[in-house]
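All chains are named by letter (A, B, ...) in the order of the sequence lines, taking the proteins before the strands, and each is independently numbered beginning at 1.
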Amino acid sequence: MKLYNTLTRRKEEFVPIEEGKVKMYVCGPTVYNYIHIGNARPYVTFDTVRRYMEYKGYEVTYIQNFTDVDDKIIKKANEENTTMEVISNRYIEECFRDADGLHVKRATHHPRVTEEMDYIIEMISELIEKGHAYEDKGTVYFNTKSFPEYGKLSKKNLDELIAGASDRVAVDDAKKNPTDFVLWKPFKPGEPKWKSPWGEGRPGWHIECSVMAKRYLGPTIDIHAGGEDLVFPHHENEIAQSEACNGVPFAKYWIHNGFITVDNEKMSKSAGNFFTVRDIAAEFPYEVIRFFILNGQYRSPINFSRELMESCQNGLERIKNCKKDLAYYIENCTDTELKENENVDEIEKFRAQFEEAMDDDFNTADAVSTVYELVRFINKNSKDGVSKAYAQKEMDMFKALTTILGIAEDVEVEEDEDTAKIEELIAKRAEAKKNKDFAAADSIREELTAMGITIKDTRQGVQWFRG
RNA sequence: GGCGCCAUCGCCAAGUGGUAAGGCACGGGUCUGCAACACCCUUACCCCCGGUUCAAAUCCGGGUGGCGCCUCCA
């Protein structure tokens, strides 16, 4: 399995630190609003990486934080005349709803900054002791000049950064270097605050990830992931903090997802050209959003558009139809003995093709096309008279691949109070068709359509499903 | 200004030296009472100009166009 490591700018063979185990940290969102589809990309991408690793037999410890202390959350709380806690709790909950909809599995832990304050203070203290940080009137800064490798992830030269920073970064006389960043800042009236050796205040943004990664995964982790805009300064600063403090490499592999754009421009909350996952989910099933994200290689930008979403929805539909048909065959075919041995061998080839794609830096676009090829193969080979055993083999392969991608998971018809009524209408329609009363048959079909039920007349009988 | 990415069919997208996967949409057909589903068929001189090579979408040089980071941001 190869993955593209931002640190070396090359595809590298994945070798875990500890055999059979993967320690993975993914930067999570600041919770002051619903997540947008840009946030959804790392969610889906790295969830898929995790699923594939688990499929390969690794035991994955997956950590994703919530930043629940931040200016934007405080601002929102003030606007609504409530507390930061209320805001962050609300959007963490909403975030989970969206993540669940996107079939993103829960992380092993979802630490929150507010619950890690002691450890944050501990790491800042250690950095001061080791001469990598300094305090000035209640503000603690990281001294970037104390870490010679500063810039190694983003390939930036510290001297050039310092030279260029003067006209970009806010002038701050207390800083020893313009590139130094805040680890702890004193509170302002009306802001939440925590006690620390440097007075009451709150942590800077970067320190939290260093702390949480260390606490839940140890000083050196296998994979650190996030959006490509986090490479500098966030991830660069994390490396500086963690390695200066711990004295060992922070992360072996750094992987970064590309952006989702709108009209080919970066989508962001600050630019205002963003769509929340919730908004899109009102128009398309959540699963289509996931499929849309998987449609491209994770490092390439993808341009969000309604046209593309529709295209993805249609394609996903085809994949899901295949599963519905398969489920139907398994349920109804009478021949139990396996007799399609040569096809079973053919089916195994799709697994190999799929793995080859995923092993090459998680090429989900190629993996998806393998699923399409599998679908066509299944559709061609599960006509009349297939054996139940064979249909089950097809289903097993279908599920193996789609489960890794996290798609087509819930197509089974759920029994509910409407089921009996639907069956009754279908029976009535069959009766009408038998009597060549097509007008009546069509009107029943329209009635079912109005209920959100689609029916298909197959040689084996009538199939129906929701949606 | 510094660093970096991208350009393949109407749309999306694989392919990184051996003669263009796959999906959506479009057109034609089979099946069907009709429809839906499904299947079959059809659709590309790989942004431009040079170069290397027996061979280049793929490597090198030069253009053109687009984008990102350097500031909170997935």
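- Within the 4.0 angstrom heavy-atom criterion, only backbone atoms of the sugar-phosphate kind lie near A/Gly226; the bases stay farther away.
- Look at the C1' atom in both B/G10 and B/A44: the space between them is 12 Å, to the nearest Å.
- No engagement by A/His234 is indicated, since no non-hydrogen atom pair under 4.0 Å with the nucleic acid exists.
- Both distances falling under 3.5 Å, in either a Watson-Crick or a G-U wobble arrangement, place B/G1 opposite B/C70.
- A tilted orientation is assigned to the rings of A/Tyr253 and A/Phe14, their planes being inclined by 30° to 60°.
- Residue A/Asp360 is in sugar-phosphate contact alone, with no base atom involved, counting any heavy-atom pair closer than 4.0 Å across all strands shown.
- Cation-pi geometry between A/Arg299 and A/Tyr4 is met: under 6.0 angstrom from the ring centre, within 45 degrees of the axis.
- Taking atom P on both B/G1 and B/C49, the two are 28 Å apart, rounded to the nearest angstrom.
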Sequence neighbours left out, cut at 3.5 Å: what donor-acceptor pairs do the side chains of residues 22-35 of chain A make with other protein atoms?
residue	atom	partner	partner atom	Å
A/Tyr25	OH	A/Asn65	OD1	3.2

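- Under the 6.0 Å cut-off for aromatic ring centres, A/His206 and A/Phe181 qualify, their centroids lying closer than that.
- Comparing A/Ile455 and A/Gly227 by the nucleotide of RNA chain B whose heavy atom lies nearest to each, the residue mapping closer to the 5' end is A/Ile455.
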Produce a footprint string for nucleotides 2-8 of chain B: one letter per nucleotide, 5' end first; B if the base is under 4.0 Å from any protein heavy atom, S if only the sugar-phosphate is, - if neither. B-S----
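- Rounded to whole Å, atom C1' of B/A74 lies 10 Å from atom CD of A/Gln64.
- Atom CZ of A/Arg41 is separated from atom P of B/A74 by 14 Å (rounded to the nearest Å).
- Judged as a salt bridge (charged side-chain N to carboxylate O under 4.0 Å, His left out), and not counting sequence neighbours, A/Lys193 has no contacts.
- Atom NZ in A/Lys324 sits about 16 Å away from atom P in B/A36, given to the nearest Å.
- Between the side chain of A/Lys266 and the base of B/C73, at least one donor-acceptor pair of N or O atoms lies under 3.5 Å.
- In this structure B/C46 sits in no base pair that meets the Watson-Crick or G-U test at under 3.5 Å.
- To the nearest angstrom, P of B/G33 lies 15 Å from CG of A/Asn435.
- Taking only side-chain atoms of A/Lys380, from C-beta outward, the nucleotide of B/C70, B/A14, B/C39 with the closest atom is B/C39.
- Residue contacts shown for A/Tyr43 are absent, as no nucleic acid heavy atom lies under 4.0 Å away.
- Map A/Phe232 and A/Pro29 each onto its nearest nucleotide of RNA chain B; the residue landing nearer the 5' end is A/Phe232.
- Comparing atom distances between the A/Arg445 side chain and each of B/A13, B/C37, B/A35 picks out B/A35 as nearest.
- When the nucleotides B/C37, B/A13, B/A74 are ranked by their closest atom to the side chain of A/Lys456, B/C37 comes out on top.
- For the pair A/Asp325 CG and B/C39 C1', the interatomic distance rounds to 12 Å; values are reported in whole Å.
- Judged by distance alone, the side chains of A/Arg112 and A/Thr67 never bring a donor and an acceptor atom under 3.5 Å apart.
- If you check the side chains of A/Thr276 and A/His36, you find no donor sitting under 3.5 Å from an acceptor.
- Between the C1' atoms of B/A21 and B/G29, the separation comes to 24 Å (whole Å).
- A/Asn303 has its CG atom 19 Å from the P atom of B/A74, to the nearest Å.
- Using a 4.0 Å heavy-atom criterion, one finds that A/Gln297 contacts the sugar-phosphate atoms exclusively.
- Using cut-offs of 30° and 60° for the angle between ring planes, the A/Phe147 and A/Phe142 rings count as perpendicular.
- Nucleotides B/C41 and B/C47, compared at atom P, are 28 Å apart to the nearest Å.
- In this structure, A/Tyr329 contributes its side chain and A/Ser382 its backbone to a donor-acceptor pair below 3.5 Å.
- In this structure A/Asn143 satisfies the side-chain hydrogen bond (donor to acceptor under 3.5 Å, both in side chains) test together with A/Asn177, sequence neighbours excluded.
- Using the Watson-Crick or G-U wobble rule with both distances under 3.5 Å, B/U16 pairs with nothing in any strand shown.
- Nucleotides B/G33 and B/C46, compared at atom C1', are 47 Å apart to the nearest Å.
- Taking the P atom of each, B/C3 and B/U42 are spaced 50 Å apart, rounded to whole Å.
- A 3.5 Å limit on both hydrogen-bonding distances identifies B/G51 as the Watson-Crick or G-U partner of B/C59.
- Candidate nucleotides B/G15, B/A38, B/A74 were compared by shortest atom distance to the side chain of A/Asn363, and B/G15 ranks first.
- Within 4.0 Å of A/Ile260, counting heavy atoms only, lies at least one base atom of the nucleic acid.
- As rounded to the nearest Å, B/A56 and B/U43 have P atoms that lie 24 Å from one another.
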In B/S/- notation, 5' to 3', how is nucleotides 20-26 of chain B contacted by protein heavy atoms closer than 4.0 Å? -BSBSS-
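- Not a single donor-acceptor pair, N or O on each side, falls under 3.5 Å between the base of B/C31 and the side chain of A/Asp457.
- Applying the Watson-Crick and G-U wobble criteria (two distances, each under 3.5 Å), B/G65 pairs with B/C6.
- The distance between atom CG of A/Asn257 and atom P of B/G68, rounded to the nearest whole Å, is 15 Å.
- Of the inter-residue distances, the one linking A/Ile453 atom CD1 with A/Ile422 atom CD1 reads 3.5 Å to the nearest 0.5 angstrom.
- Distances shown here put every side-chain N or O of A/Asn379 at or beyond 4.0 Å from the OP1 or OP2 atom of B/A38.
- Under the 30°/60° scheme for interplanar angles, the aromatic rings of A/Phe275 and A/Phe304 are found to be tilted.
- With sequence neighbours excluded, no residue forms a side-chain hydrogen bond (donor to acceptor under 3.5 Å, both in side chains) with A/Tyr91.
- Contact annotation for A/Lys433: base contact, defined as any heavy-atom pair under 4.0 Å involving a base atom.
- As the counterpart of B/C31, no nucleotide is assigned, since no Watson-Crick or G-U wobble pattern has both distances under 3.5 Å.
- As a whole-Å value, the separation of A/Arg429 CZ from B/A36 P is 13 Å.
- Spacing of C1' atoms, B/G61 relative to B/G18, comes out at 24 Å, to the nearest Å.
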